Amino acid sequence: MLTIKCSKCKNKLFKYRKIGKGKVLVCHKNRIKRMYKMIKELDTYKCSCGNVVGKDEGSYIKMNGHGFTYSGTKE
Ligand SMILES: [Zn+2]
């Protein structure tokens, strides 16, 4: 499980079950296990500090590569 954090304020955003060793480019919503402080504005997901984290693409979030960091293990 990965913990996705804001790259600016380091707040936790959500926990994500990442399958595969590749980069985190998108996050499938059905693998998001817990949401912390994340704001949805139209189709944009932001941290509560205003940092843009990703864009809503329906069943997944297309992640902004500069908007987040993560820790934890991939499966
Ligand atoms: Zn933030």
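Indexing begins at 1, ligand by ligand and atom by atom, following the structure's order. Basis for what follows: all heavy atoms, side chains included, without hydrogens, waters or symmetry-related copies. Note that the structure is a prediction, hence the values are computed from the model and not measured.
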Contacts table for residues 50-60: side-chain donor-acceptor under 3.5 angstrom, sequence neighbours left out:
residue: N51; atom: ND2; partner: S7; partner atom: OG; Å: 3.4
residue: N51; atom: ND2; partner: G67; partner atom: O; Å: 2.9
residue: K55; atom: NZ; partner: E57; partner atom: OE2; Å: 3.3
residue: D56; atom: OD1; partner: K29; partner atom: NZ; Å: 2.7
residue: D56; atom: OD1; partner: G58; partner atom: N; Å: 3.0
residue: D56; atom: OD2; partner: K29; partner atom: NZ; Å: 3.4
residue: D56; atom: OD2; partner: K40; partner atom: NZ; Å: 2.8

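- Closer than 2.8 Å to the Zn ion (ligand 1) sit the protein N, O or S atoms C6 SG, C9 SG, C47 SG, C49 SG.
- Residues forming a salt bridge (charged side-chain N to carboxylate O under 4.0 Å, His left out) with K15 (at least two apart in sequence, or on another chain): none.
- Under the salt bridge (charged side-chain N to carboxylate O under 4.0 Å, His left out) criterion, R34 pairs with no residue at all, not counting sequence neighbours.
- Side chain of K10 to backbone of K5: no donor-acceptor contact under 3.5 angstrom is found.
- In this structure, CE in M35 is found 10.5 Å from CD1 in I4, a value given to the nearest 0.5 Å.
- Of the possible donor and acceptor atoms, one in the side chain of Y16 sits under 3.5 Å from a partner among the backbone N and O of H28.
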